[in-house]
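Quick note: numbers below take in every heavy atom, side chains included, and nothing from hydrogens, waters or symmetry partners.
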Amino acid sequence: MTDVPAAAWWRHAVGYEVYVRSFADSDGDGVGDLPGLRDRLDHLAWLGVDIVWITPFYPSPMHDHGYDVADYTGVHPEFGSLDDLDAVVARAHELGLRVVIDLVPNHTSSAHPWFRAARSSPDSPYRDYYIWRDGRVPGPPEQGGEPPNNWVSVFGGRAWSYDRASGQWWLHLFLPEQPDLNWANPGVRDEFDRILRFWLERGVDGFRIDVAHALAKHPDLPDIPEARRPADPHDIGDAVSQSQWERYEHPYDIDQEEVTEIYRRWRRVVEPHGGLLLGEVYLQDPAKLARYLNPQDGLHLSFWFKPLHIRWSPEAVHQVLRGAIDEVPDHLAWVQGSHDRSRAATRFGGGDLGRARSLVLATLFMGLPGVPFLYMGEELGLEDVEVPPERSQDPIAVRHAAPERARDNCRTPLPWAPVPGLGFTTAEDAWLPFGDRAPADTVAVQREDPSSWLHRWRRLIEARRSFDLTNRHIQWILEEGDVVAYRRGHTIVAANCGDAPGELPLPEGDWEVGFDSASSAAGAPGDRKPALVGTLRLEPLRAVILHRS
């Protein structure tokens with residue numbers, strides 16, 4: 001695979017996801033907002049990250065917390081104004097941070113003017129902005145009418161809703177209030193060229209593209225077959241992954257060849273601005289993922305989501321890294337958490353065990369080609385908060401009365417300080433509960449403790465700067481066992497992912513430790529570390545970065 005231009009500013013970056021509703025509240029309404037983000041950007045600069053990805057802030061009915069967009073070039077009043085967004089971008093740039101915003105091109109809100117016009121009449125010029133079809137059996141569903149095919153929604157239930165005025169059905173791979181756009185329509189493509197340029201001209205540095213693999217659909221809309229995939233012994237297998245969606249194969253509703261043509265066009269739009277295209281391509285087969293990342297005219301980067309689905313074991317960690325690197329060596333955004341999955345520290349065992357495993361995996365990410373991303377709060381070692389069913393906000397859980405599928409537990413407000421409202425808000429309560437967060441979970445307390453998880457993550461991010469990141473060749477040192485290790489130029493990254501001590505055979509030369517996940521404090525500047533030769537003993541859940549001295 002040919003490289004993207006060497007001048008690409010994101011190549012050596014570290015990213016950070018801000019779930020804007022839960023980051024910082026400036027006006028005391030219990031909901032995070034853009035002024036709150038602006039005022040807390042110094043934390044991200046201090047942490048050492050380079051990219052700030054902001055989840056949707058657009059006008060929206062909030063059926064899916066902003067992923068149902070009613071205006072792609074505005075700001076929801078709950079989050080602030082366009083001036084506030086401009087202030088976030090300006091402050092970020094002052095601090096040396098780049099701003100990537102969420103773009104939701106697969107669907108709009110049903111409250112978007114395009115869909116309102118489309119639904120008003122089959123003759124509307126906006127009708128073909130969406131996907132409408134006659135049912136395979138005419139009539140409304142309560143009278144025996146059937147939708148055009150058997151497609152299902154990611155969020156559960158069928159992927160079609162009936163329009164009584166016209167007698168047709170509209171397609172929605174998510175909520176009924178999120179109708180899918182028809183990307184075969186040139187008018188839709190023209191609209192998004194305009195939207196991209198609008199934000200780039202305001203100084204935004206790139207776009208995280210929601211559901212980037214689903215924009216195009218097979219034109220004939222055939223039925224999808226039931227799944228016959230073998231079980232993955234390393235998969236978590238939780239309630240979310242056992243949804244109705246997972247019971248089907250998806251050869252016609254997602255991952256169509258035509259999607260890459262859209263990104264080829266977008267590359268021509270963003271490149272004069274140096275803009276980044278970062279895809280949420282939720283495919284767990286790296287060979288399928290690779291075709292979205294043609295360096296000349298595809299996405300610049302895509303998230304690799306398999307680490308969010310593994311049961312912890314040395315074999316699983318090795319496979320999830322090696323399999324992706326072999327297929328997509330230089331264009332992955334490495335993640336272990338997001339606003340859609342249980343937090344890494346919780347998934348990996350909870351407590352200090354889960355936190356240590358999360359830091360170990362992050363250490364392995366940091367040395368690989370591509371861009372590692374943190375999900376807001378990972379740097380604090382945060383676990384999920386148990387959100388009572390009556391406080392649940394997630395439409396997946398609320399609409400299906402299925403609290404076990406809720407994503408709220410990983411979306412609760414970031415704890416800034418051990419004060420009322422945890423420094424997140426001056427309100428008596430927030431949009432989601434704080435749970436049992438302790439003072440030791442807060443940014444303020446961890447900032448004062450050099451042995452905290454926050455300082456370890458900061459030292460890890462700083463250690464990434466010591467890599468020769470121009471050398472993108474990865475040599476795997478160990479192929480099996482509890483220790484996962486690779487070499488990149490004059491640097492070795494190794495982690496004992498098992499439960500017993502392990503050994504790392506060191507290549508010839510003198511090596512010194514540049515980062516140690518088990519160390520609770522940084523050395524003094526200029527301290528010379530003892531040279532290592534021969535074999536390094538690694539205790540369980542210890543990860544190191546070594547440099548040849």
Would you call Arg464 and Glu462 a salt bridge, using N to O less than 4.0 angstrom? no
For Asp285, enumerate each residue passing the salt bridge (Lys or Arg N to Asp or Glu O under 4.0 Å) test, keeping only those at least two apart in sequence or located in another chain. none
Side chain to side chain contact (heavy atoms under 4.5 Å, CB included) partners of Pro420, counting only residues at least two apart: none
Quick one: does Asp205's side chain have a donor or acceptor within less than 3.5 Å of a partner on Val99's backbone? yes
Inter-residue atom distance Leu506.CG - Arg487.CZ, 0.5 Å rounding: 10.0 Å
Do side-chain atoms of Trp199 reach the backbone of Tyr72 as a donor and acceptor pair under 3.5 angstrom? yes
Do Arg21 and Trp431 form a cation-pi contact, if we require the NZ or CZ to be under 6.0 Å from the six-membered ring centre and within 45 degrees of the ring's axis? yes
Please round to the nearest 0.5 Å and tell me the distance separating atom CG of Leu200 and atom CD1 of Ile101. 8.0 Å
Is it the case that the side chain of His12 and the backbone of Phe467 share a donor-acceptor pair, with hydrogens and angles ignored and the cut-off at 3.5 Å? no
Mind listing the side-chain donor-acceptor pairs of residues 37-47 below 3.5 Å, one per line with the distance, residues two or more places apart or on another chain?
residue: Arg40; atom: NH2; partner: Gly423; partner atom: O; Å: 3.1
residue: His43; atom: NE2; partner: Glu379; partner atom: OE2; Å: 3.1

Enter the distance from Leu414:CG to Leu422:CG here, rounded to the nearest 0.5 Å. 9.5 Å
Salt bridge (Lys or Arg N to Asp or Glu O under 4.0 Å) partners for Arg208, two or more places apart: Asp102, Asp210, Glu280
For the atom pair OH (Tyr19) and OG1 (Thr412), what is the distance rounded to the nearest 0.5 Å? 11.0 Å
Assign the ring pair Trp53 / His339 to parallel, tilted or perpendicular, where the plane angle (0 to 90°) is split at 30° and 60°. perpendicular
Can you tell me how far the CD atom of Glu383 sits from the CG atom of Asp352, to the nearest 0.5 Å? 8.5 Å
Is a side-chain donor or acceptor of Asn409 paired with a backbone partner of Glu386 at a separation under 3.5 angstrom? no
Holding to side chain to side chain donor-acceptor pair (under 3.5 Å), I want the full list of residues that pass it with Arg447, two or more places apart in sequence or in another chain. none
May I ask you to decide if Arg343's main-chain N or O and Asp384's side chain share a donor-acceptor pair within less than 3.5 Å? yes
Is it true that Arg548 and Asp510 make a salt bridge, defined as a side-chain N closer than 4.0 Å to a carboxylate O? no
Counting distance only, does the side-chain N/O of Gln446 pair as donor-acceptor with the main-chain N or O of Leu380 below 3.5 Å? yes
Between Asp449 and Ser451, does the side chain to side chain donor-acceptor pair (under 3.5 Å) criterion hold? Intermediate values first, please. CA-CA 5 Å; Asp449 178 6; Ser451 68; 2.7 Å; yes
Output yes when a side-chain donor or acceptor of Arg355 lies under 3.5 Å from a complementary backbone atom of Glu378, and no otherwise. no
Could you walk me through whether Trp312 and Phe348 satisfy the ring pair (Phe, Tyr, Trp, His ring centres under 6.0 Å) test, starting with their C-alpha distance in whole Å, then the side-chain angles of each, then the deciding distance to 0.1 Å, before giving a yes or no? CA-CA 6 Å; Trp312 185 270; Phe348 293 152; 5.0 Å; yes
Check whether any side-chain heavy atom of Thr425 sits under 4.5 Å from a side-chain heavy atom of Pro413, and report yes or no. no
Are Trp511 and His547 an aromatic pair, judged by ring center distance below 6.0 Å? no
Are the side chain of Thr55 and the backbone of Val18 linked by a donor-acceptor contact shorter than 3.5 Å? yes
List, one per line, each side-chain donor-acceptor pair under 3.5 Å for residues 360-376, sequence neighbours excluded.
residue: Thr363; atom: OG1; partner: Leu359; partner atom: O; Å: 2.8
residue: Tyr375; atom: OH; partner: Cys410; partner atom: O; Å: 2.8

Would you say the side-chain atoms of Trp9 pair up with the backbone N or O of Gly274, donor to acceptor, closer than 3.5 Å? yes
Between Tyr486 and Trp476, does the ring centre distance come in under 6.0 Å? yes
Quick one: does Asp482's side chain have a donor or acceptor within less than 3.5 Å of a partner on Gly502's backbone? no
Using the ring centroid of each side chain, check whether Tyr282 and Trp304 are separated by less than 6.0 Å. no
Nearest 0.5 Å, what's the CZ-CD1 distance between Phe174 and Ile396? 9.0 Å
